[in-house]
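Inspection log for the structure reproduced underneath, given as structure tokens.
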Amino acid sequence: MKVIMLGAPGAGKGTQAKKIAAKYQVPHISTGDIFRANIKNGTELGKKAKTYMDQGLLVPDDLVVDLVVDRVNQEDCTKGYVLDGFPRTIPQAEALDKALNDLGQKVDYAINVEVPDENIIERMGGRRACVGCGATYHLVYAPTKKEGVCDTCGRELILRDDDKPETVTKRLNVYHEQTQPLIDYYTQAGILREVDGTVDIEDVFRAITLILGE
Ligand code: ADP
Ligand code: AMP
């Protein structure tokens with residue numbers, strides 16, 4: 001099962017992708033997480049990506065595409081995967097289609113998690129990320145057991161730099177300009193499915209399992 005998660009930044013793609021990965025036993029591949037891990041480890045890729053991420057801009061396609069194509073060709077992806085945060089531009093979608101086509105494969109579903117811009121600002125302001133394992137929480141909607149401490153690894157939680165209000169506005173504009181056209185792209189491909197992302201996390205997931213099957 002090959003699934004793409006679409007939606008604005010903060011729509012809940014990562015939250016749902018983790019649940020899909022756990023239920024259907026496929027890897028969760030988040031390009032944002034891959035870049036953040038590279039930044040943490042001080043790699044060349046991380047240094048390049050950071051200059052764009054800090055400004056709320058997309059990392060250039062040529063830095064993203066090969067990385068994802070390599071990743072989906074790894075052994076653990078033979079049964080499928082859930083892509084979170086990729087593709088984010090039409091050229092990325094075309095490059096993915098081409099790479100899969102060469103292998104005689106295709107994406108099964110592109111799930112668009114719909115959340116209006118007004119809700120996004122609140123979502124991002126309350127999002128907290130673990131400095132250790134990268135797990136994400138929300139102050140109100142997905143709180144940790146102990147305030148400010150990761151449930152999984154016990155490390156400290158922070159507000160991501162790119163979740164600060166001024167950068168969120170920029171990221172939303174970038175989303176509308178560069179990523180939203182993918183909705184038409186996958187509609188035309190006949191694999192777009194929409195879910196209401198404004199309801200509770202478990203209700204969003206229930207809608208997704210109705211699409212993907214039990
Ligand atoms: P994305 O991966 O699309 O950027 P996340 O999955 O990180 O978004 O979710 C953004 C924030 O909103 C997180 O703090 C998350 O806990 C919270 N969140 C996710 N889904 C919901 C939901 N259905 N209702 C309320 N809050 C949510
Ligand atoms: P995310 O965690 O998915 O919200 O991604 C955080 C940031 O990483 C984005 O704002 C972009 O700067 C960068 N990024 C992640 N995925 C991609 C992608 N597919 N293409 C370009 N930039 C990306």
Side-chain angles (χ1 to χ4, degrees), residues 4-21 28-40 45-46 48-69 71-72 82-96 111-130 134-144 150-151 157-164 167-175 177-179 182 195-208:
I4 288 172
M5 302 305 290
L6 293 178
K13 300 181 297 295
T15 303
Q16 298 300 328
K18 285 192 188 81
K19 294 171 81 66
I20 294 170
H28 166 211
I29 302 172
S30 155
T31 41
D33 284 353
I34 294 172
F35 287 136
R36 281 184 289 277
N38 273 275
I39 292 172
K40 200 168 148 190
L45 175 66
K48 284 187 194 153
K50 190 175 186 319
T51 60
Y52 299 94
M53 291 167 75
D54 283 352
Q55 296 178 71
L57 298 172
L58 294 185
V59 174
D61 291 338
D62 59 343
L63 293 183
V64 190
V65 169
D66 290 352
L67 184 139
V68 175
V69 171
R71 180 67 190 86
V72 299
V82 51
L83 286 179
D84 161 17
F86 181 95
R88 258 181 159 102
T89 64
I90 296 279
Q92 290 180 16
E94 289 172 345
L96 177 67
I111 299 178
N112 183 35
V113 184
E114 284 192 272
V115 176
D117 288 6
E118 307 84 85
N119 304 39
I120 293 292
I121 309 284
E122 190 201 2
R123 288 269 179 100
M124 308 286 256
R127 173 156 68 182
R128 293 293 179 273
C130 173
T136 48
Y137 301 91
H138 191 281
L139 290 178
V140 179
Y141 305 117
T144 47
C150 180
D151 286 349
L157 303 182
I158 53 154
L159 174 68
R160 266 165 53 180
D161 276 344
D162 61 345
D163 280 351
K164 292 183 176 149
T167 316
V168 170
T169 310
K170 174 81 196 167
R171 292 172 70 197
L172 268 176
N173 289 338
V174 166
Y175 166 75
E177 278 168 28
Q178 300 192 55
T179 308
L182 293 177
V195 295
D196 178 0
T198 63
V199 296
D200 280 359
I201 291 172
E202 289 307 325
D203 291 334
V204 180
F205 189 56
R206 213 161 287 130
I208 291 176

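Read the numbers this way: they start at 1 and go in the same order the structure lists the ligands and their atoms.
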Can you name the atoms of ligand 1, numbered from 1 with element, that are less than 4.0 Å from a heavy atom of [X]?
X    : result
A142 : 16 (O)
Y137 : 13 (C), 14 (O), 16 (O)
K13  : 1 (P), 2 (O), 3 (O), 4 (O), 6 (O), 8 (O)
V204 : 23 (N)
G14  : 1 (P), 2 (O), 6 (O)
G197 : 23 (N)
D200 : 23 (N)
Y141 : 25 (C), 26 (N)

Donor-acceptor check, side chain of [X] to backbone of [Y], threshold 3.5 angstrom: yes or no?
X    : Y    : value
Q16  : I201 : yes
K13  : A8   : yes
T167 : G56  : no
Y137 : D151 : yes
T179 : R88  : yes

Could you identify the single nearest non-hydrogen protein atom to [atom] and state the distance to 0.1 Å?
atom                    : value
atom 19 (C) of ligand 1 : T15 OG1, 3.4 Å
atom 11 (C) of ligand 1 : R123 O, 3.9 Å
atom 7 (O) of ligand 1  : R127 NH1, 2.6 Å
atom 16 (O) of ligand 1 : H138 CB, 3.4 Å
atom 20 (N) of ligand 1 : I201 CG1, 3.6 Å

Checklist entry - Which residue pairs pass the salt bridge (charged side-chain N to carboxylate O under 4.0 Å, His left out) test with at least one member in residues 118-130, sequence neighbours excluded? => result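 Every salt bridge (charged side-chain N to carboxylate O under 4.0 Å, His left out) pair that includes a residue of residues 118-130, provided the two are not neighbours, is R127-D163.
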Item to check | Per-ligand residue contacts, ligand 2, heavy-atom threshold under 4.0 Å | outcome: T31, G32, F35, R36, M53, L57, L58, V59, V64, G85, F86, R88, Q92, R160, D162, R171
Is there at least one pair of N or O atoms, one from [X] and one from ligand 1, spaced under 3.5 Å apart?
X    : result
G12  : yes
G126 : no
R128 : no
P9   : no

Next on the checklist: Would H28 and I20 count as a side-chain contact (heavy atoms from CB on, under 4.5 Å) here? Give the steps.
Outcome noted: CA-CA 8 Å; H28 166 211; I20 294 170; over 6 Å; no
Checklist entry - Where do L172 and I121 land on the side-chain contact (heavy atoms from CB on, under 4.5 Å) test, with the steps shown first? => result CA-CA 9 Å; L172 268 176; I121 309 284; 4.0 Å; yes
Checklist entry - What do you reckon, does G7 put a non-hydrogen atom under 4.0 Å from ligand 1? => result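 No, G7 has no heavy atoms under 4.0 Å from ligand 1.
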Checklist entry - Contact between A8 and ligand 1, counting heavy atoms under 4.0 Å? => result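 A8 counts as a contact of ligand 1 under the 4.0 Å cut-off.
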Checklist entry - Are side-chain N/O atoms of T89 and D61 paired as donor and acceptor at under 3.5 Å? => result yes
Checklist entry - Can you tell which part of V113 has a heavy atom less than 4.0 Å from ligand 1: side chain, backbone, both or neither? => result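 V113 to ligand 1: no contact under 4.0 Å from either part.
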Checklist entry - Is it the side chain, the backbone, both or neither of V199 that has a heavy atom closer than 4.0 Å to ligand 1? => result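 V199 to ligand 1: backbone contact only, side chain stays beyond 4.0 Å.
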Next on the checklist: Go through it in stages, so that I can follow the logic: the residues are L45 and F35, the test is side-chain contact (heavy atoms from CB on, under 4.5 Å), and I'd like the CA-CA distance, side-chain angles, deciding distance and then a yes or no.
Outcome noted: CA-CA 8 Å; L45 175 66; F35 287 136; 4.1 Å; yes
Checklist entry - So does K18 have more than 12 non-hydrogen atoms from other groups sitting under 6.0 Å from NZ? => result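 Atom NZ in K18 is crowded, with more than 12 foreign heavy atoms closer than 6.0 Å.
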Item to check | Working for side-chain contact (heavy atoms from CB on, under 4.5 Å), residues C150 and T144 | outcome: CA-CA 6 Å; C150 180; T144 47; 5.7 Å; no
